[in-house]
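What follows is a single structure, written as structure tokens, with notes after it.
In the text below, chain A, chain B and the rest are named by the order of the sequence lines, each starting its count at 1.
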Amino acid sequence: MKRTHRTTELDLQNVGEKVILNGWINGRRDHGGLIFIDLRDRFGLIQIVFSPEVDQEAFHLAEQVRNEYVIAVKGKVCRRPQETENPSLKTGKIEVYVEKMEVLSAARTPPFYIENDIEVDENLRLKYRYLDLRRPEMRDNLILRHRVIKIMRDFLDKNGFLEIETPMLTKSSPEGARDYLVPSRVHPGQFYALPQSPQIFKQLLMVAGMEQYFQIARCFRDEDLRADRQPEFTQLDMEMSFIDEEDIFTLVEQLVQDIFGQGIGRRVDIPFPRIAYDEAMKKYGSDKPDLRFGLEIQDITAIVKDVDFKVFSAAVQAGGVVRAINAKTCASFTRREIDDLGKMAVQNGARGMAWIVVTENELKSPIAKFFSPEKMQELLAALKAQPGDLLLFAADQPEVVARVLGNLRLELGKRLKLVDENILNFIWVVDFPLLEYDQEEKRYVAVHHPFTSPQVTDYALLDTNPGAVKARAYDLILNGTEIGGGSIRIHRRDWQEKMFSLLNISPEEAEDKFGYLLEAFQYGTPPHGGIAFGIDRLLMIMAGRQSIRDVMAFPKTQSASCPMTEAPSPVSPKQLRELALKIREK
RNA sequence: GGAGCCGUGGUGCAGCGGUUUAGCAUAUCGGCCUGUCAAGCCGAAGAUCGCGGGUUCAAAUCCCGUCGGCUCCGCCA
């Protein structure tokens with residue numbers, strides 16, 4: 001019995017028709033003399049009815065079937081008696097009276113409920129992911145994923161882009177994340193790496209004259225996992241020739257408008273506001289600021305540089321800064337709540353967190369005694385402090401203070417429920433630094449990646465003050481999450497060599513690791529640039545989820561394993577021998 | 001590498017030194033039931049409390065270790 005309709009294709013207009021339906025049993029209500037079954041397929045639910053008056057055999061079979069059995073039924077579409085209509089079902093005005101039923105497949109009782117909003121250990125969900133994905137919310141996430149990727153393809157196709165695949169087995173490169181390695185059988189002792197991104201290939205496609213490229217690209221990074229980080233994830237990777245930043249912004253803004261408009265029916269206003277990296281760090285303590293609420297960080301370095309409070313003045317002496325957040329209305333926080341915030345500050349690298357509780361009559365604070373009344377007035381005025389406010393301070397190097405207060409700001413935003421979950425706040429963060437100094441490695445490392453072009457106006461600084469050079473890089477931020485990032489690239493061999501030398505990569509190593517790119521640049525390379533979107537993160541936000549695992553069909557656990565397949569797993573001695581590999585005892 | 005939370009019938013939770021023969025809800029199984037859609041009513045079965053060790057007259061409960069899940073820091077060009 002092959003189906004004639006999908007469940008949700010039936011409506012009042014089909015009343016009287018004989019139809020065949022296939023699907024899973026979502027629920028069964030046995031009234032003794034009458035049995036109702038909710039039949040589920042990918043599209044929805046419909047109620048089917050078994051009555052001995054319609055067919056004895058089908059009725060008795062219906063007494064025996066259970067949830068998640070796969071069945072085929074044949075019957076007549078009927079209008080439901082008025083008082084039994086179910087407005088919460090798309091097919092709630094009708095039902096099918098079954099004359100004939102076949103069990104296509106029986107089912108064991110599932111280990112958890114096949115329904116929305118379950119609270120089950122995630123391990124169990126992942127072990128039985130094929131059951132988890134039957135749950136409507138998970139099914140809908142995958143449908144959304146399909147739709148969004150389709151919108152991306154359609155949009156880019158319409159705009160002249162070519163979808164081109166690049167290798168998954170490629171060359172390991174220094175810089176960036178830890179590579180996943182694949183041993184070569186043909187070349188014993190040598191390895192491929194899975195791509196962290198198709199970066200160099202897409203640049204070579206520009207050299208090849210493809211002009212506008214995109215790819216729905218799987219990327220691999222062997223780093224520790226988070227709610228929004230998986231070892232393999234998917235990017236919309238794009239690259240264009242003969243363009244500048246403005247072309248990319250415009251195109252991406254239109255793309256995002258399509259994605260949200262056609263994907264989930266949300267209007268997105270363009271163009272997106274832009275904020276410079278330096279300003280974002282100073283005001284919001286983050287290079288991916290969440291601007292859905294205020295609570296801005298304020299710099300008070302100038303005011304406190306000479307105070308008796310050594311933590312502040314010493315930090316300034318050492319080239320650091322002192323900044324503060326005025327947590328409006330938080331004077332009511334208990335000592336314990338304030339201590340919790342302090343712990344958080346320490347966890348983020350602060351040596352401590354100073355605070356002042358402002359009330360009608362007094363200031364409660366461990367540090368107030370270090371300030372003269374005049375200084376205190378100046379400080380309170382600068383922070384626009386009023387009775388009822390809680391002031392939080394951090395003093396250290398600028399990066400540390402930014403991180404500490406940035407995270408306190410997010411925590412306060414959460415606690416005070418300042419975030420309107422219905423807002424879609426897009427911003428471009430621009431003017432990133434090109435390089436930052438890595439204390440551990442004692443060298444500069446690329447903030448974005450080594451192929452990012454410096455801003456032309458800063459080119460002279462490369463030799464004198466590399467840390468001050470800005471990059472032609474940009475990130476797209478949505479609600480405090482980085483969903484995309486890119487740059488205008490270096491397209492000249494000499495500039496790229498210069499960049500490598502700044503990164504302390506020797507000419508020999510540059511030749512060894514990136515020689516093919518340097519060589520390619522000598523054969524006529526168009527100026528080019530691009531951007532890549534984290535599709536999983538984007539979908540996570542669109543679907544209102546807290547983890548990208550919920551928008552991936554088969555994700556891994558935090559320890560990067562798969563409870564269903566039990567990957568990773570040992571391999572046979574034969575396989576190891578073929579690869580010339582030996583496992584070392586720990 | 002580090003910090004925190006969690007692990008008790010299939011599932012979700014309660015119990016946190018002895019009054020527990022480990023409680024509740026739901027699922028499961030059986031019976032009754034012709035308009036339910038979280039169906040209802042009656043009944044039954046089902047867990048040695050993640051694993052290992054220790055403390056104690058006595059451990060699901062306290063301690064140590066370990067495994068697994070989640071969140072976070074480091075890490076993620």
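In this model, no side-chain donor or acceptor of A/Arg403 finds a partner on the base of B/C73 within 3.5 Å. At a cut-off of 3.5 angstrom, counting only N and O atoms as typed in the model, there is a donor on one side and an acceptor on the other between the side-chain of A/Asn86 and the base of B/C37. The base of B/C76 is not paired with the side chain of A/Arg221 by any donor and acceptor separated by under 3.5 Å.
Between B/A60 and B/U19, the two P atoms lie 11 Å apart (nearest whole Å). Taking atom P on both nucleotides, B/C42 is separated from B/C24 by 15 Å, rounded to a whole Å. To the nearest whole angstrom, the two C1' atoms, one in B/G18 and one in B/U61, are 11 Å apart. Distance check on atom P: B/C49 versus B/G23 gives 15 Å, rounded to whole Å. B/G50 and B/U8 have their P atoms separated by 6 Å, with the value rounded to a whole Å. A distance of about 26 Å separates the P atoms of B/A25 and B/C62, rounded to the whole Å. Here, B/C63 and B/G10 have their C1' atoms 32 Å apart, quoted to the whole Å. With C1' as the reference atom, B/C70 and B/U28 are 29 Å apart, rounded to whole Å.
With A/Leu194 as the fixed residue, the side-chain contact (heavy atoms from CB on, under 4.5 Å) test singles out one of A/Asp179, A/Leu169, A/Thr170: A/Leu169. Of the listed residues (A/Pro454, A/Pro450, A/Pro466), just one forms a side-chain contact (heavy atoms from CB on, under 4.5 Å) with A/Leu434, and that residue is A/Pro454. Under the ring-ring contact (aromatic ring centres under 6.0 Å, His included) rule, A/Tyr277 has a single partner from A/Trp428, A/Tyr284, A/Tyr474, A/Phe432, which is A/Phe432.
Contact annotation for A/Phe36: base contact, defined as any heavy-atom pair under 4.0 Å involving a base atom. If you check every strand for non-hydrogen atoms under 4.0 Å, A/Val447 touches sugar and phosphate atoms only. Backbone-only engagement by A/Val120 is indicated by non-hydrogen atom pairs under 4.0 Å involving sugar-phosphate atoms exclusively. Among the protein residues, A/Thr452 comes within range of no part of the nucleic acid, since none of its heavy atoms lies under 4.0 Å from any strand. In this structure, A/Thr557 reaches the sugar-phosphate backbone alone: every heavy-atom distance under 4.0 Å involves primed, P, OP1 or OP2 atoms, never a base. When heavy atoms are screened at a 4.0 angstrom cut-off, A/Glu95 is found touching base atoms of the nucleic acid. At a threshold of 4.0 angstrom between heavy atoms, the contacts of A/Asp222 with the nucleic acid are absent. Residue A/Ser561 is classed as a sugar-phosphate contact, given heavy-atom separations below 4.0 Å to backbone atoms only. Within the nucleic acid shown, A/Gln196 has no heavy atom closer than 4.0 Å to any nucleic acid atom. Among the protein residues, A/Pro111 comes within range of the sugar-phosphate backbone only, with heavy atoms under 4.0 Å from sugar or phosphate atoms but none that close to a base. No contact: A/Ile35 has no heavy atom under 4.0 Å from any strand. Within 4.0 Å (heavy atoms only), A/Gln47 reaches at least one base atom of the nucleic acid.
Dashed line: the shortest gap from a side-chain N or O of A/Arg549 to OP1 or OP2 of B/G69 is not under 4.0 Å. Applying the 4.0 Å criterion to OP1 and OP2 of B/G68, one finds that A/Ser559 has every side-chain N and O outside that range. Contact between the side-chain N/O atoms of A/Arg29 and the OP1/OP2 oxygens of B/U36 is not found at any separation under 4.0 Å.
In this structure, of B/U36, B/G69, B/C33, it is B/U36 that holds the atom nearest to the side chain of A/His31. You'll find that the side chain of A/Asn123 is closest to B/G69, out of B/C37, B/G69, B/U34.
Relative ring orientation between A/His449 and A/Phe451 is described as tilted, the plane-to-plane angle lying within the 30° to 60° band. Ring geometry for A/Trp495 versus A/Tyr459: interplanar angle of 30 to 60°, hence tilted.
One can place NZ of A/Lys93 at 15 Å from C1' of B/C37, the figure rounded to the nearest angstrom.
The shortest heavy-atom contact between A/Arg135 and A/Glu115 is NE-O, 2.8 Å. The shortest heavy-atom contact between A/Gly320 and A/Pro398 is CA-CD, 4.3 Å.
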I'd like a list of close polar pairs between nucleotides 41-47 of chain B and the protein, N/O only, cut-off under 3.5 Å.
none

Protein-nucleotides 25-28 of chain B N/O pairs under 3.5 Å:
from: B/U26; atom 1: O2'; to: A/Tyr113; atom 2: OH; distance (Å): 2.5
from: B/U26; atom 1: O2; to: A/Tyr113; atom 2: OH; distance (Å): 3.3
from: B/A27; atom 1: O4'; to: A/Tyr113; atom 2: OH; distance (Å): 3.3

What does the list of N/O pairs under 3.5 Å between the protein and nucleotides 1-5 of chain B look like, with a distance for each?
from: B/G1; atom 1: O6; to: A/Asp224; atom 2: OD2; distance (Å): 3.4

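With hydrogens and angles ignored, the 3.5 Å screen pairs no side-chain donor or acceptor of A/Lys93 with any backbone N or O of A/Glu85. In this structure, the side chain of A/Thr481 does not engage the main chain of A/Ile483 through any donor-acceptor pair within 3.5 Å.
For A/Phe333, the CZ atom sits in a packed shell: over 12 heavy atoms of surrounding residues, nucleotides or ligands are nearer than 6.0 Å.
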